[in-house]
Engineer: 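Please find one structure pasted underneath; my questions will follow.
Proteins come first, then strands; the chains are lettered A, B, ... in the order of their sequence lines, and each starts at number 1. All values below come from the heavy atoms of this structure, side chains included, with hydrogens, waters and symmetry mates left out.
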Number of protein chains: 2
Amino acid sequence: MQSNLSVTEENYIKAVYHLQQASGSVTTNVLSAKLVTTPASVTDMLKKLKAKGLLLYEPYKVFCLSPTGSKIALEIIRRHRLWEYFLVEKLAFGWDEVHEVAEELEHVGSKKLVDKLDQFLDFPKFDPHGDPIPDCNGLMSSVEQVSLAYLPIGQQAQVTAVSNQSTELLELLGHKHINIGTRLEVLAKFSFDNSIEVKIKDLQPLNISEQLAGVLFVKTL
Amino acid sequence: MQSNLSVTEENYIKAVYHLQQASGSVTTNVLSAKLVTTPASVTDMLKKLKAKGLLLYEPYKVFCLSPTGSKIALEIIRRHRLWEYFLVEKLAFGWDEVHEVAEELEHVGSKKLVDKLDQFLDFPKFDPHGDPIPDCNGLMSSVEQVSLAYLPIGQQAQVTAVSNQSTELLELLGHKHINIGTRLEVLAKFSFDNSIEVKIKDLQPLNISEQLAGVLFVKTL
DNA sequence: AATTTATTTTAGGCAAATCTAAAAAAAATC
DNA sequence: GATTTTTTTTAGATTTGCCTAAAATAAATT
């Protein structure tokens, strides 16, 4: 049951998985944008992954991972998130600087390594960005989290996750002193630009743009 | 000062370094044997590494690493041995099962990762096989170690290193209960087959073949 | 429904790393 | 010193992953 995929194949599978999570199925164009490559290259790889039984794909149709493909995706995500947790908790990396390194470490495939790392870290359930870590069977916790954009005025909440790890987003969050775990309260919402005013303990009220609110996930308190 | 080498290039550099340690300079044939590839493939890569200024090479001549190449080799070896130490000390791997995994982890290039790992591990000087770990400047301890084959009768010594990590060697050492750190005394030497009888505390006297004695390094006590 | 536009696939090529087979150079042997 | 033998290099192919440009298909528009 050794999958033995190339780094490139693993990156494709991971990207398909994440795009599926957002919209159920995936198209060639969207995937090529995500991987910063051309649609033609994507088509090549889709045929290869289909041949390996990891992708349900017919030419010109939308596609999604096969059950086997999904299982592999969860393994890759497990490795990525465990390494992120390791980097932050053990090596004292900032939560906003672990993504690239984890992106490399996730391709070291040894099952034994990953399971022993999991044990060493005491079986963490969430990575430093608040995303759930699949266990050795591919199962993970889900959190009842909503986008900050949907909270009513007066609602108190705690940041549980951000929808992506782009440098730009993490820089902005650092500037605003917002982290996973940060507690806040919605003070006001402005319909002109859909921005939101929030209060974080010990800080001046902050204005959160529509774009930022959309990618900040919280659980209500 | 980013080297940015492919995994293959790094493996070539590492192999050249290790062969140089043994015999000063390296030939195409020897290197192709070490990397389990063809001489033709080696020639291709030699030209590439020369073009990058990492190798001192002229067609049909023996070759060796340039100063830059040596520095890179030491970085790769540093990563490999730090990961081996991590796997044994933190993840409870056996010292005989870490080589393959470290072989993959060593190619994760982030300088920050490696230096933070070093710090987390408390700047270890030797890996689980007894080999010295280069520090962040490429400097490493040397041990006054000799091959077991050269010890006189009656000499007490402690195993400090083995010359390679082949499965076959490690299996034999496991069977004989010999590890890095094992203390022993030379009881007798037999000129018929150059085998050596040694005594390890609490164990029956053992016979060490000429081949095994040649690859077991010890420091005298 | 026909045509335009957008998406996706095919066709043909390129670079990296490998291979086999043949040629060139060096080393060993007679 | 000439001739084998060994070593090394070159030449030409292959595979993986990527590209551009053109063709095919699907979707959108009129």
Engineer: For a quick check under 3.5 Å, do A:His80 and A:Glu84 share a side-chain donor-acceptor pair by atom type?
Structural biologist: yes

Engineer: Please classify the nucleic acid contact of A:Ser41 as base, sugar-phosphate, or nothing, using heavy-atom distances under 4.0 Å.
Structural biologist: base

Engineer: Would you indicate which nucleotide in C:dT9, D:dT8, D:dC18 comes nearest to any side-chain atom of B:Tyr60?
Structural biologist: D:dT8

Engineer: Counting side-chain heavy atoms from CB outward, which of C:dT9, C:dT18, D:dT8 is closest to B:Tyr12?
Structural biologist: C:dT18

Engineer: Can you measure A:Met45 atom CE to D:dT15 atom P for me and round it to whole angstrom units?
Structural biologist: 16 Å

Engineer: Whole angstrom is fine here: how far is it from NZ in A:Lys61 over to C1' in C:dA6?
Structural biologist: 18 Å

Engineer: Counting any heavy atom closer than 4.0 Å, what does B:Phe63 reach on the DNA or RNA strands: base, sugar-phosphate only, or nothing?
Structural biologist: nothing

Engineer: Of the candidate nucleotides D:dC18, C:dT8, C:dT18, which contains the atom at the shortest distance from the side chain of A:Thr37?
Structural biologist: D:dC18

Engineer: Regarding A:Lys47, tell me which of base, sugar-phosphate or nothing describes its non-hydrogen contacts under 4.0 Å with the strands shown.
Structural biologist: sugar-phosphate

Engineer: Donor-acceptor pair, A:Lys47 side chain versus A:Pro59 backbone, under 3.5 Å?
Structural biologist: no

Engineer: Atom CD of A:Glu58 and atom P of C:dT7: how far apart are they, to the nearest Å?
Structural biologist: 21 Å

Engineer: For B:Pro152 and B:Val186, work out which heavy atoms get closest and say how close.
Structural biologist: O-CB, 3.6 Å

Engineer: Has B:Ser6 got a side-chain N or O lying under 4.0 Å from the OP1 or OP2 atom of C:dA16?
Structural biologist: no

Engineer: Which one, C:dT8, D:dC19, C:dT18, comes nearest to the side chain of B:Asp44?
Structural biologist: C:dT18

Engineer: First locate atom CG of A:Asn207, then atom CD1 of A:Ile196, and finally report the distance between them rounded to the nearest 0.5 Å.
Structural biologist: 9.0 Å

Engineer: Starting from P on D:dT16, measure out to CG on A:Leu35 and report it in whole angstrom.
Structural biologist: 19 Å

Engineer: A:Leu46 has an atom CG; how far is it from atom P of C:dT10, in whole Å?
Structural biologist: 11 Å

Engineer: Counting only side-chain nitrogens and oxygens, does B:Thr8 get under 4.0 Å of the OP1 or OP2 atom of C:dA16?
Structural biologist: no

Engineer: Under 4.0 Å: is that the gap between some side-chain N or O of A:Asn29 and OP1 or OP2 of C:dT8?
Structural biologist: yes

Engineer: By nearest atom, which of the nucleotides D:dT10, D:dA21, D:dC18 is closest to the B:Thr43 side chain?
Structural biologist: D:dT10

Engineer: Need one value for A:Pro59: base, sugar-phosphate or nothing, where a base atom within 4.0 Å counts as base even if backbone is also close, heavy atoms only.
Structural biologist: sugar-phosphate

Engineer: Could you tell me the separation between the CG atom of B:Asn11 and the P atom of C:dA16, rounded to a whole number of Å?
Structural biologist: 18 Å

Engineer: Scan side-chain atoms only and decide if A:Asn11 and A:His107 contain a donor-acceptor pair under the 3.5 Å cut-off.
Structural biologist: yes

Engineer: Select base, sugar-phosphate, or nothing to describe what A:Thr38 touches, counting heavy atoms under 4.0 Å on all strands.
Structural biologist: base

Engineer: Among A:Glu9, A:Glu75, A:Glu106, exactly one meets salt bridge (charged side-chain N to carboxylate O under 4.0 Å, His left out) together with A:Lys14. Which residue is that?
Structural biologist: A:Glu106

Engineer: In whole Å, I'd like the distance from the CG atom of B:Leu5 to the P atom of C:dA15.
Structural biologist: 20 Å

Engineer: Please state how far atom OH in A:Tyr57 lies from atom P in C:dT7, giving the value in whole angstrom units.
Structural biologist: 16 Å

